[in-house]
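Down below is the structure, laid out as structure tokens.
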Amino acid sequence: MRKRGLFIVFEGLDRCGKTSQCEQLVNFLKESGKKAIMKRYPDRTTTIGQTINNYLQGKQNLSDQAIHLIFSANRWEQQEEIKKILEDGTNIVCDRYCYSGAVYTSAKGYDIEWCKNPDKGLIKPDIVLYLHAPKEVISKRSGFGGEVYEKEEFQLKVREAFDKLLHQEDNVIFIDASGTKEEVFQIINQHVKKSLEDISSKDQKISYL
Ligand code: NYM
């Protein structure tokens, strides 16, 4: 049987360096002869994703509950595709997933269990790399953009929600993102290498949340 791909998710606050680490990891995996692609959520290219984009840019007003479900729908609409890619033996490096979904809404004051519910049944990542750094390091990195959640006060609430939620999960690695890009990448790489070895020796079934 063909070895399935690994589903690797990066999580963290806005401006924590996730996107460039995802890109570097995909390139590294490909250079090492492995099949790898990058995905990101929200995926703004779909019809559902365009609604999310309008909301984030302040062009469309939606209730907190409605946008929460729309973020989740954006993941659900691509589950079959993700399953096929993994079964084909391609590794997926994904910039944000359901953990962002739960914490950004719970940081607005909603019950975390309510926030997690719409994502139950999604494909479970094999490994979640949570990039965290002290507040000062994050604010120093070139300023937040103009999207709705990119305000320092809100980000602190998100950080608290991330820390709480991710400590309860069994697939999360906490990565100190305060080092240089290269230092952080080396740490990430060690964890990914180990997960790639683990998946070769364990059963190949995809797990679900
Ligand atoms: N976000 C992202 C959510 O609020 N819920 C979700 O389910 C996801 C995946 O969207 N501030 C938020 C986090 C970010 C924003 O993400 C856009 P990015 O990575 O900047 O495109």
Side-chain angles (χ1 to χ4, degrees), residues 7-26 37-79 81-82 92-125 128-133 135 138-139 141-166 169 171-172 175 177 209:
F7 187 19
I8 305 162
V9 166
F10 280 75
E11 287 285 6
L13 294 182
D14 294 87
R15 312 289 323 147
C16 72
K18 281 182 313 315
T19 305
S20 60
Q21 291 294 340
C22 284
E23 286 164 357
Q24 198 170 342
L25 181 59
V26 171
I37 62 150
M38 180 166 163
K39 286 208 66 70
R40 69 180 307 159
Y41 289 105
D43 180 340
R44 304 185 195 216
T45 64
T46 69
T47 309
I48 291 174
Q50 278 160 27
T51 303
I52 296 174
N53 187 48
N54 288 338
Y55 172 81
L56 289 171
Q57 295 188 352
K59 294 179 193 151
Q60 188 173 350
N61 198 18
L62 287 162
S63 73
D64 294 340
Q65 292 88 342
I67 188 61
H68 183 72
L69 297 176
I70 293 170
F71 269 114
S72 178
N74 189 223
R75 287 181 279 280
W76 279 107
E77 67 175 330
Q78 297 180 344
Q79 287 290 289
E81 181 194 335
I82 288 188
I92 298 178
V93 178
C94 191
D95 186 352
R96 295 192 189 277
Y97 195 53
C98 59
Y99 309 94
S100 282
V103 300
Y104 277 80
T105 303
S106 84
K108 295 176 177 173
Y110 294 90
D111 173 64
I112 188 71
E113 288 308 316
W114 182 87
C115 296
K116 283 163 73 177
N117 255 333
D119 288 320
K120 286 198 176 134
L122 286 179
I123 295 175
K124 181 179 176 183
V128 179
L129 300 156
Y130 172 46
L131 302 193
H132 68 107
K135 179 183 152 239
I138 292 165
S139 354
R141 292 194 178 143
S142 49
F144 289 123
E147 294 205 329
V148 292
Y149 299 140
E150 300 188 33
K151 311 273 177 306
E152 205 163 322
E153 197 190 334
F154 185 68
Q155 294 284 318
L156 290 178
K157 289 187 186 156
V158 174
R159 191 165 72 140
E160 208 177 294
F162 257 136
D163 285 353
K164 204 158 156 197
L165 174 70
L166 296 183
E169 301 292 323
N171 53 352
V172 178
I175 308 269
L209 292 168

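Order of appearance sets the numbers: ligands from 1, and atoms from 1 within every ligand. In what follows, every heavy atom counts, from backbone to side chain, and hydrogens, waters and symmetry copies are set aside. Nothing fancy with the numbering, it's 1 onward along the sequence.
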Arg44-ligand 1 polar pair, N/O distance under 3.5 Å: yes
Closest protein heavy atom to atom 7 (O) of ligand 1, given as residue, atom name and distance to 0.1 Å: Arg75 NH1, 2.8 Å
Ligand 1 atoms in contact with Leu56 (distance to a heavy atom under 4.0 Å): 10 (O), 15 (C), 17 (C)
Which atom of Lys18 lies closest to which atom of Leu13, heavy atoms considered: NZ-O, 3.3 Å
Straight-line distance of Arg96 CZ to Asp14 CG, nearest 0.5 Å: 5.0 Å
N or O pair under 3.5 Å between Arg96 and ligand 1: yes
Asn74 side chain to Asp43 backbone, donor-acceptor under 3.5 Å: yes
Residue selection (non-hydrogen contact nearest atom 5 (N) of ligand 1) among Phe71, Tyr41, Phe10: Phe71
Within 6.0 angstrom of Asn61 CG, more than 12 heavy atoms from elsewhere: no
Within the 6.0 Å centroid threshold, strictly below: Phe7 and Tyr97: yes
Protein heavy-atom partner closest to atom 14 (C) of ligand 1 - residue, atom, separation in Å: Asp14 OD2, 3.5 Å
Heavy-atom donor-acceptor pair, Arg75 side chain to Ile123 backbone, under 3.5 Å: no
4.0 Å heavy-atom contact, Arg40 with ligand 1: yes
Residue part near ligand 1, for Cys98, under 4.0 Å between non-hydrogen atoms: neither
